[in-house]
Amino acid sequence: MKQQISYNKPSFEHLAPDIGNSLIYKRFNIENKNKQPIWHYHPEIELVYVNEGSGKRQIGSHVSYYQNGDLICIGANLPHCGFTDGFSKTRNETVIQMLPEYLGEKFFDVSEMLPIKSLLNRAKQGLVFFGATKIEVGAIIENMYTKSPFERILDSLLILHKLEASKEYEILNAEGFTLKAQAQDNSRINNTFNYVQKNFKNQISIEEISDFVNMTPPAFCRNFKKVTGKTFTQFVNEYRLVHATKLLTEKQESIQGICFECGFNNFSHFNKVFKKYTGKTPTEYRKDMNFTIS
């Protein structure tokens with residue numbers, strides 16, 4: 001008898017600023033954790049600043065591991081997950097969310113604002129900022145905590161201006177994951193990502209995931225590659241490898257144990273794909289992270 005799998009549908013997050021505000025400002029810490037670890041999307045642009053610690057990013061078809069904090073800009077309707085989890089050493093995560101027209105429908109169409117409009121278009125692929133930009137803008141974001149609504153609006157423009165002018169960034173979603181497919185295709189891809197997020201430690205066959213989203217295996221493989229630019233196997237392995245880099249840095253556990261904990265069932269294969277993905281063996285990676293098992 002086929003097992004019935006119960007799973008939440010992809011989440012559209014409805015956001016609403018407090019009365020008297022045009023943008024949303026939220027701060028999370030160990031006592032007040034972000035409740036959005038699931039795969040979700042919203043029409044608001046999102047700025048996330050993690051002031052220290054490490055965690056995983058999943059934005060569109062991109063998945064990676066960050067250390068020493070993070071500053072990211074996520075465009076409207078770009079699916080993503082929360083950026084801190086139970087293993088994170090993060091002290092504070094600050095989130096700013098605003099609609100693209102939060103200052104008026106035509107505000108970013110005036111000539112002085114066109115560079116920022118270009119930034120917001122680039123953010124549809126997900127941007128991560130580093131170096132002096134991360135430090136400077138991160139400080140502005142955290143200092144907004146004590147500001148009035150009017151001062152936060154001014155700071156939001158200053159932040160967007162500094163991000164637009166910065167060269168210290170990387171496009172996270174280089175493969176170009178978009179939500180331009182039909183609604184049914186979007187739902188299937190989002191369900192697939194949610195399923196991988198919860199089950200990547202187990203073996204997931206093409207037949208299993210195809211059945212889960214009510215498609216034939218050939219149709220599923222074509223659809224997934226068309227939307228994400230990756231094969232399903234490649235995506236699952238990348239998700240496992242990113243989790244492995246996280247565990248190698250944060251946990252006092254043998255490399256072989258981490259291999260199996262991440263869903264790989266062959267230690268030799270794990271070492272091979274890990275080196276191909278990171279350019280280093282797991283041992284070399286852990287050594288470079290200055291992590292020593294006692």
Neighbour count >12 (heavy atoms, 6.0 Å) for atom NZ, Lys280: yes
Of all pairs that satisfy side chain to side chain donor-acceptor pair (under 3.5 Å), the ones with a partner from residues 144-155, not counting sequence neighbours: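 Listed once each, the pairs are Lys147-Asp155, Ser148-Glu151.
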Nearest-0.5 Å distance that lies between atom [atom1] in [X] and atom [atom2] in [Y]:
X: Ile153; Y: Met98; atom1: CD1; atom2: CE; value: 8.5 Å
X: Arg57; Y: Asp70; atom1: CZ; atom2: CG; value: 4.0 Å
X: Asn77; Y: Glu44; atom1: CG; atom2: CD; value: 8.5 Å
X: Ile159; Y: Leu119; atom1: CD1; atom2: CG; value: 11.5 Å
X: Glu112; Y: His161; atom1: CD; atom2: NE2; value: 12.5 Å
X: Ser22; Y: Leu99; atom1: OG; atom2: CG; value: 9.5 Å

Charged N-O contact under 4.0 Å between Glu93 and Lys26: no
Cationic N near anionic O, under 4.0 Å, Glu261 to Lys251: yes
Is there a donor-acceptor contact under 3.5 Å from the side chain of [X] to the main chain of [Y]?
X: Asn266; Y: Ser268; answer: yes
X: Glu164; Y: Ser118; answer: no
X: Arg286; Y: Leu248; answer: yes
X: Asn223; Y: Ala219; answer: no

Mind checking whether [X] and [Y] have side chains closer than 4.5 Å, heavy atoms only?
X: Tyr49; Y: Ile96; answer: no
X: Thr216; Y: Ser210; answer: no
X: Phe232; Y: Val236; answer: yes
X: Lys106; Y: Glu101; answer: no
X: Val48; Y: Thr94; answer: no

side-chain contact (heavy atoms from CB on, under 4.5 Å) with [X]: which residues, sequence neighbours excluded?
X: Ala165; value: none
X: Lys117; value: Phe108, Asp109, Leu114, Asn121
X: Thr283; value: Ile255, Thr281

Leu47 and its side-chain contact (heavy atoms from CB on, under 4.5 Å) partner, picked from Leu163, Leu127, Leu23: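 Between Leu47 and the candidates, side-chain contact (heavy atoms from CB on, under 4.5 Å) is satisfied uniquely by Leu163.
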Under the ring pair (Phe, Tyr, Trp, His ring centres under 6.0 Å) test, residues paired with Tyr239 that sit two or more places apart: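 With neighbours one apart ignored, the set is Phe200.
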Residues in ring pair (Phe, Tyr, Trp, His ring centres under 6.0 Å) contact with Tyr102, at least two apart in sequence or another chain: none
Qualifying residues under side chain to side chain donor-acceptor pair (under 3.5 Å), relative to Tyr65, sequence neighbours excluded: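 Tyr65: side chain to side chain donor-acceptor pair (under 3.5 Å) contacts with Ser54, Glu250.
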Listed partners of Arg222 passing side chain to side chain donor-acceptor pair (under 3.5 Å), at least two apart: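 Residues passing side chain to side chain donor-acceptor pair (under 3.5 Å) with Arg222: none at all.
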Partners meeting salt bridge (Lys or Arg N to Asp or Glu O under 4.0 Å) with Lys225 (sequence neighbours left out): none
For residues [X] and [Y], report the shortest heavy-atom separation together with the two atoms involved.
X: Gly263; Y: Arg240; value: O-CZ, 3.7 Å
X: Gln125; Y: Ile171; value: OE1-CG2, 3.4 Å
X: Pro100; Y: Pro43; value: CD-O, 3.4 Å
X: Ile204; Y: Tyr195; value: CG2-CE2, 4.0 Å
X: Ala123; Y: Cys73; value: CB-SG, 3.6 Å
X: Asn191; Y: Phe212; value: O-CE2, 3.8 Å

Nonpolar side-chain network containing Phe150, other nodes, edges under 4.5 Å: Leu154
Worked verdict on Leu241 versus Val273 for side chain to side chain contact (heavy atoms under 4.5 Å, CB included): CA-CA 8 Å; Leu241 290 167; Val273 296; 4.0 Å; yes
Evaluation steps, side chain to side chain contact (heavy atoms under 4.5 Å, CB included), between Thr192 and Phe220: CA-CA 10 Å; Thr192 300; Phe220 169 79; 3.6 Å; yes
All pairs passing ring pair (Phe, Tyr, Trp, His ring centres under 6.0 Å) where residues 260-282 contributes a residue, at least two apart: Phe264-Phe270, Phe270-Phe274, Phe274-Tyr285
Expected list for residues 128-144: side-chain donor-acceptor pairs under 3.5 angstrom, two or more places apart:
{"unit_1": "Thr133", "atom_1": "OG1", "unit_2": "Ser166", "atom_2": "OG", "d": "2.8"}
{"unit_1": "Thr133", "atom_1": "OG1", "unit_2": "Glu168", "atom_2": "OE1", "d": "2.6"}
{"unit_1": "Lys134", "atom_1": "NZ", "unit_2": "Asn68", "atom_2": "O", "d": "2.8"}
{"unit_1": "Glu136", "atom_1": "OE2", "unit_2": "Lys162", "atom_2": "NZ", "d": "2.8"}
{"unit_1": "Glu142", "atom_1": "OE2", "unit_2": "Asn51", "atom_2": "ND2", "d": "3.3"}
{"unit_1": "Asn143", "atom_1": "ND2", "unit_2": "Ala139", "atom_2": "O", "d": "3.1"}

His62/His80 aromatic ring centres below 6.0 Å: no
Derivation of the side chain to side chain contact (heavy atoms under 4.5 Å, CB included) call for Leu120 and Ile45: CA-CA 8 Å; Leu120 300 183; Ile45 302 153; 3.7 Å; yes
Test side chain to side chain contact (heavy atoms under 4.5 Å, CB included) applied to Phe28 and Asn92, step by step: CA-CA 6 Å; Phe28 304 100; Asn92 285 316; over 6 Å; no
